[in-house]
Amino acid sequence: MSKKLDELFSKIMHSKIFENRDMLRPDYIPDELPHREKQILTLAKILAPILQGQRPSNVFIYGLTGTGKTAVAKYVLENIKSRKEVSGKMATAYINCRYDDTDYRVLATLNETIGIRIPFTGLATAEVYKRFVNGLDNKKISMIVVLDEIDALVKKCGDEVLYKLTRINTELKNSRVCVIGITNDLRFTDFLSARVLSSLGEEEIVFPPYTAPELEDILIRRASKAFKPNVLEDGVIKLCAALAAKEHGDARRALELLRIAGEIAEREGKDKVTIENVKQAYKEIERDREIEAINSLPLHSKIILAAIYKLQKMEKKEITTGEIYDTYKALCEKTKIEPLTQRRVGDLINELDTLGIINAKIVSRGRYGRTKIIKLSVSDKSIREGLLSDENILRVLT
DNA sequence: CCTCCACAGGAAGCGCAGGAGT
DNA sequence: ACTCCTGCGCTTCCTGTGGAGG
């Protein structure tokens with residue numbers, strides 16, 4: 001056994017494929033951001049007044065996932081911070097609102113970036129805000145606040161903090177704050193009240209999706225550092241770029257694809273990454289996503305899915321809502337779980353449909369009523385793996 | 001043309017958890 | 001500690017409906 005482990009570890013230590021696989025990870029920020037020159041310049045122009053101690057306009061950054069919004073923001077901030085004109089006179093805060101998704105946590109994090117400790121609970125939100133204003137004013141600095149995935153915060157808590165943050169400059173005598181909001185929800189402004197919109201949206205930058213050739217260029221640059229020389233078969237990068245471009249030009253997706261393909265090749269002990277590996281990686285990512293989607297379903301949705309799976313195994317060609325409900329109820333009985341009503345199950349079936357796990361179509365069969373015919377749209381294997389991690393379901397399926 | 005099946009899906013309301021105000 | 005409020009998952013009750021068979 002220990003010999004096998006030895007082999008495994010030395011295989012990874014002496015990878016024939018990777019030089020530095022971290023270069024392909026989503027959180028890696030490269031030294032240069034190709035094909036985003038325009039956005040970098042625009043953002044830099046907007047923020048430049050800070051070098052003269054003036055307050056820059058607030059900025060709104062839009063763009064789908066994997067279009068480089070976060071990377072560009074961080075890149076420009078780093079550059080500004082490193083200039084000697086502002087040393088000691090400015091601070092930056094980067095907040096991911098997906099993790100800090102309440103007013104309190106956002107304000108607490110802001111306090112911490114200027115060196116004020118805040119207990120994780122116990123203070124009124126207004127008090128935390130007051131401490132931030134006072135603390136910041138005493139420091140006599142300019143501050144740039146980046147709120148990434150800002151839509152998550154607003155959808156959960158409303159735009160009260162944003163309003164306060166954009167108005168904070170009226171309360172400050174010696175310091176000033178500039179807010180950069182980043183969102184991948186293009187209809188995000190619908191959630192904002194007009195008062196916030198006018199002050200936060202002083203400037204807007206849109207990040208279009210990368211095109212296939214752009215993705216290819218990015219991948220080539222990254223791959224040259226991430227992989228050993230000459231391990232990529234011809235066309236590997238082109239295929240990764242093409243597959244990711246099809247899914248709204250997501251660079252993160254493209255890099256993931258390349259990394260997984262490399263890992264597959266490595267696992268198989270090859271010294272080349274082939275086109276076939278990319279296709280396998282694509283399937284693997286797809287499958288992992290399916291399994292994850294199924295796995296995170298609430299209990300009753302899982303039972304419904306198990307019912308559909310069972311019916312499909314019985315080689316029924318047309319599965320209807322009524323049949324599913326009967327099977328579902330039987331499964332519930334076996335597990336001693338209180339079944340939901342058919343009305344509710346109907347809604348859950350619709351949810352499974354929107355998630356893309358099943359396919360439901362309304363049909364009218366005349367005399368024989370109006371119903372939905374339902375088909376699974378993920379592979380049997382994904383269903384089994386996704387469901388079997390749940391022991392409740394395991395018991396009824398076997 | 002009308003009927004009537006087997007549901008779809010809207011409306012209202014209920015109980016509960018969790019947060020805000022006091 | 002207590003009320004009040006709100007959102008969410010769910011139920012109950014309901015009206016609506018495409019088209020095969022009469």
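Just so it is clear, the model here is predicted, and its values are computed rather than measured.
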Determine whether a donor-acceptor pair (N or O, by modelled atom type, separation under 3.5 Å) exists between the side chain of A:R222 and the backbone of A:M23.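 The answer is yes, because a donor-acceptor pair under 3.5 Å joins these two groups.
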
Does A:K69 use its side chain to pair, donor to acceptor, with the backbone of A:L64 at less than 3.5 Å?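 Yes: the side chain of A:K69 pairs with the backbone of A:L64.
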
Just compare B:dC7, C:dT11, B:dG9 and give me whichever is closest to any side-chain atom of A:T320.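 Among B:dC7, C:dT11, B:dG9, the one nearest the side chain of A:T320 is B:dC7.
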
Give the minimum heavy-atom separation between A:E318 and A:E323, together with the two atoms involved.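 Smallest heavy-atom distance, with atoms named: O-OE1, 3.2 Å.
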
Basic-acidic side-chain contact under 4.0 Å: [X], [Y]:
X      : Y      : value
A:R289 : A:E286 : yes
A:D380 : A:K313 : yes
A:R21  : A:E266 : yes

Can you measure [X] atom [atom1] to [N] atom [atom2] for me and round it to whole angstrom units?
X      : N      : atom1 : atom2 : result
A:I337 : C:dC10 : CD1   : C1'   : 16 Å
A:L340 : C:dC8  : CG    : C1'   : 14 Å
A:D353 : B:dA8  : CG    : C1'   : 14 Å
A:I319 : B:dA6  : CD1   : P     : 18 Å
A:D347 : C:dC8  : CG    : P     : 15 Å
A:Y325 : B:dA8  : OH    : C1'   : 15 Å
A:I349 : B:dA6  : CD1   : P     : 17 Å
A:D326 : B:dC7  : CG    : C1'   : 13 Å

Measure from the ring center of A:F18 to the ring center of A:F227 and say whether it is less than 6.0 Å.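 Yes; A:F227 has its ring centre under 6.0 Å from that of A:F18.
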
Applying the side chain to side chain contact (heavy atoms under 4.5 Å, CB included) criterion to A:V179, which one of A:L200, A:I168, A:I144 satisfies it?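 Of the listed options, the one satisfying the test is A:L200.
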
For a side chain to side chain contact (heavy atoms under 4.5 Å, CB included) with A:L305, tell me which candidate from A:I294, A:I349, A:V378 qualifies.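 That would be A:I294; it is the only one of A:I294, A:I349, A:V378 passing the side chain to side chain contact (heavy atoms under 4.5 Å, CB included) with A:L305.
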
Base-contact (B) and sugar-phosphate-only (S) positions in nucleotides 13-22 of chain C, heavy-atom cut-off under 4.0 Å, - elsewhere: B--BBBBBS-

When you check every protein heavy atom under 4.0 Å of nucleotides 12-22 of chain B, what one-letter string (B, S, -) results, 5' to 3'? -----------

Give one of base, sugar-phosphate or nothing for A:N350, where a contact means two heavy atoms less than 4.0 Å apart.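 Answer is sugar-phosphate: A:N350 comes under 4.0 Å of backbone atoms only.
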
So what does A:G346 touch, heavy atoms closer than 4.0 Å: a base, only the sugar-phosphate, or nothing?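 Answer is nothing: A:G346 stays at 4.0 Å or more from every strand.
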
Reckon A:K372 has a side-chain N or O less than 4.0 Å from the OP1 or OP2 of B:dA6?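 No, no such contact exists.
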
